[in-house]
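Keep in mind the model is a prediction, meaning the values are calculated, not measured.
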Amino acid sequence: MSKSNFCVLPWVHLSAETDGTFRACCLYQGKIERDDGKTHISEGVTVGDVWNSKNMQSLRTKFLNNERPDECRYCWDLEDGGMKSKRINDLDRFYAPEHSYEVVSEENPIYFDLKLGSICNLKCRICTYENSIKWAKDAKALKLADEDTIDYYLANSRWAEDYPEFWADLLQYVDNVVQIDFAGGDPLLIKEHYRFLKLLTEQADVSDIAIHYNTNGTILPSDEILHEVWTKFKRVEIMLSIDALGKKFEYQRHGSKWQTVESNIMRFREFDNIVLQVCHTVNILNVLDICEFVLWAEDNNLEIYFNMLYHPSHYNIKNLPLAAKQVLIERIEKMYNAHQFKYESAKRSLNEIREYVNTPGLSQELIAFNDITHNLDEFRNEDFASTFPELKEYIYGETKHNT
């Protein structure tokens, strides 16, 4: 079997989304339907319903035929731009040459990615109404999307607490599970998942299960969870979503306080079984400062996972003005050639970002960036120009040139 386009995830993984539907993975563009066309947990859709659905079987068939499914275009875009995609990362983690990969999988999922609704205490610039209830309210007030669509996500924002039968269904699969990812919204705000973890530790040996969180760094779980529940798992990975430092962090993640994040990092470090990492979502607002951020992370012994932003597309770094791209490339090349990196992954990722930023962008996306930034600044009483003076010069100069 050729592996040039093969993805292992449809044989090992399932993703539950913020609205209570399923996808093949967090980047998959589409919903996995039950064979009767239903998609939502409220309709009784279960893990088993989607695992061997015609949707999932069709996806497996495409990969066995070495095709590039269009629903997986985010990974193809990254790979075509010279970067390492989720497909490749998970192929390295989960692919077993001795395994018989069939269209109908007799195996159960071993890896779940659970986005537990859109309950969140922040409304980050790079986020969307699908992923933050506070963002949804802003989007509705500013008429940034169809009102019915926003209302749909608001109505399903608490699906993880509204449908406890999902957790009972999930318990059937834990014997084979090796990893569960929790995201949101912010998963540390979802009480139902804490109850699930406690029940899981009471009913099963979880010493071979790793749990992983994507969290914004402003929230700490209770001492009971920290001392009595998390300590029973093989490993607890805390992926802190940190996209900038100080005021630039607070601007990008509205409602946050940088000092709180620094304090919480120190608290998490008190536990030997907690592995701290940083997820740095690479976007227009932060990419010019990326070398400075690498130095901060190294000083704090934090390995960075660089997550390339695709949506909202006006924040994708492909759409930077050419002059800004040239400055970025020069900064990365200087650091790449002269700096002694603490983590080889950061060096590799910087090189990939340097390659990716050369992918052609769209000038209309910069115009959209300018318009949305202006509207949000007025609505939230913030100021892009004073927070990002260097980037302001590139953005404003380019958008004026194109209007």
Side-chain angles (χ1 to χ4, degrees), residues 3-9 25-29 68 72-95 113 126 181 212 214 237 239-245 248 252 277-298 300-362 365 391 394:
K3 292 200 317 180
S4 59
N5 292 322
F6 183 76
C7 180
V8 73
L9 288 180
C25 83
C26 62
L27 296 180
Y28 183 82
Q29 295 303 288
R68 279 187 159 201
C72 305
R73 55 188 173 273
Y74 282 168
C75 279
W76 311 133
D77 180 63
L78 263 189
E79 293 172 29
D80 292 343
M83 295 193 72
K84 199 172 183 181
S85 68
K86 178 174 176 61
R87 179 187 77 88
I88 294 173
N89 285 327
D90 287 332
L91 200 61
D92 292 342
R93 292 171 65 198
F94 294 111
Y95 179 71
D113 178 9
I126 59 173
D181 291 356
H212 173 103
N214 282 75
E237 300 168 356
M239 184 74 83
L240 300 165
S241 297
I242 303 177
D243 312 307
L245 308 175
K248 290 182 177 180
Q252 291 186 67
Q277 301 167 302
V278 168
C279 179
H280 188 77
T281 299
V282 182
N283 68 87
I284 280 181
L285 288 168
N286 64 18
V287 72
L288 290 179
D289 300 314
I290 201 163
C291 295
E292 175 191 357
F293 190 85
V294 168
L295 295 176
W296 171 84
E298 289 184 345
N300 287 275
N301 298 310
L302 291 167
E303 188 167 7
I304 309 170
Y305 168 72
F306 290 94
N307 174 46
M308 185 60 63
L309 178 143
Y310 301 101
H311 178 68
S313 57
H314 52 270
Y315 290 122
N316 189 297
I317 65 171
K318 292 192 299 184
N319 301 310
L320 274 171
L322 180 59
K325 289 185 177 184
Q326 292 171 339
V327 168
L328 172 63
I329 289 169
E330 290 172 3
R331 288 176 184 174
I332 290 177
E333 287 179 347
K334 181 178 180 181
M335 186 176 204
Y336 188 87
N337 294 325
H339 182 65
Q340 190 69 34
F341 286 86
K342 182 175 288 188
Y343 302 103
E344 187 64 27
S345 58
K347 183 177 183 180
R348 181 182 65 248
S349 294
L350 282 184
N351 188 50
E352 292 174 347
I353 291 165
R354 177 178 59 178
E355 296 294 323
Y356 182 76
V357 78
N358 271 325
T359 308
L362 298 171
E365 294 289 0
L391 180 60
Y394 294 117

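- For the atom pair CD of E237 and CD of Q277, the computed distance is 5.5 Å after rounding to the nearest 0.5 Å.
- N301 is listed as a side-chain neighbour of K342, based on a closest heavy-atom distance under 4.5 Å.
- A donor-acceptor contact shorter than 3.5 Å links the side chain of D243 to the backbone of T281.
- S313 and E365 make their closest contact through OG-OE2, 2.9 Å (heavy atoms, listed as atom of the first residue, atom of the second, distance).
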Subject >> Derivation of the side chain to side chain contact (heavy atoms under 4.5 Å, CB included) call for C75 and L27 >> reply: CA-CA 8 Å; C75 279; L27 296 180; 4.2 Å; yes

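- The side-chain heavy atoms of L91 and F6, taken from C-beta on, include a pair separated by under 4.5 Å.
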**OP:** Any chance you could lay out the side chain to side chain contact (heavy atoms under 4.5 Å, CB included) test for Y305 and N214, step after step, and finish with the verdict?
**Re:** CA-CA 11 Å; Y305 168 72; N214 282 75; over 6 Å; no

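- Between K318 and D77, at least one side-chain N (NZ, or NE/NH1/NH2) sits under 4.0 Å from a carboxylate O, which counts as a salt bridge.
- Residues L288 and A324 come closest through the heavy atom pair CD2-O, 3.7 Å.
- Between Y74 and Y310, the ring-plane angle classifies as parallel under the 30° and 60° cut-offs.
- Side-chain contact between Y28 and L9 is absent, with no heavy atoms from C-beta onward closer than 4.5 Å.
- By the 4.5 Å heavy-atom criterion applied to side chains, N316 and Y356 are counted as neighbours.
- Taken from CD1 in I329 to CD in E355, the straight-line distance is 8.5 Å, to the nearest 0.5 Å.
- Rounded to the nearest 0.5 angstrom, L309 CG and I317 CD1 are separated by 9.5 Å.
- Residues K325 and T359 approach most closely at NZ-O, 3.2 Å, considering heavy atoms.
- Looking at M239 and D181, their side chains never come closer than 4.5 Å, going by heavy atoms from C-beta outward.
- Heavy atoms only, all atoms of each residue included: N319 and G361 are closest at OD1-CA, 3.3 Å.
- Distance check: L328 CG to I284 CD1 gives 11.5 Å after rounding to the nearest 0.5 Å.
- Contact annotation: the side chain of C72 never approaches that of R87 to less than 4.5 Å [non-hydrogen atoms, C-beta and beyond].
- Note that SG of C291 is 5.5 Å distant from CG of L350, once rounded to the nearest 0.5 Å.
- Scanning all heavy atoms of the two residues, the minimum distance from W296 to I242 falls at CH2-CD1, 4.0 Å.
- Across R93, M83, E79, a single residue satisfies side-chain contact (heavy atoms from CB on, under 4.5 Å) together with I88, and that is E79.
- Looking at K84 and E352, no side-chain N of the basic residue comes within less than 4.0 Å of a carboxylate O on the acidic one, giving no salt bridge.
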Original post:
Can D113 and K86 be said to form a salt bridge (Lys or Arg N to Asp or Glu O under 4.0 Å), step by step?
Top reply: CA-CA 13 Å; D113 178 9; K86 178 174 176 61; 5.7 Å; no

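- E298 and H339 share a donor-acceptor pair across their side chains, judged by distance under 3.5 Å alone.
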**OP:** Decide yes or no on side chain to side chain contact (heavy atoms under 4.5 Å, CB included) for L302 and Y343, but give the supporting numbers first.
**Re:** CA-CA 9 Å; L302 291 167; Y343 302 103; 5.7 Å; no

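- From I353, atom CD1 reaches atom CE of M308 across 5.0 Å, with rounding to the nearest 0.5 Å.
- Between the side chains of N286 and Y315, no donor-acceptor pair of N or O atoms lies under 3.5 Å.
- No side-chain heavy atom of L245 sits under 4.5 Å from any side-chain heavy atom of D289.
- L295 approaches M335 most closely through the heavy-atom pair CD2-CE, 3.6 Å.
- Each of V287, I290, V278 was compared with F306 under the side-chain contact (heavy atoms from CB on, under 4.5 Å) criterion, and only I290 meets it.
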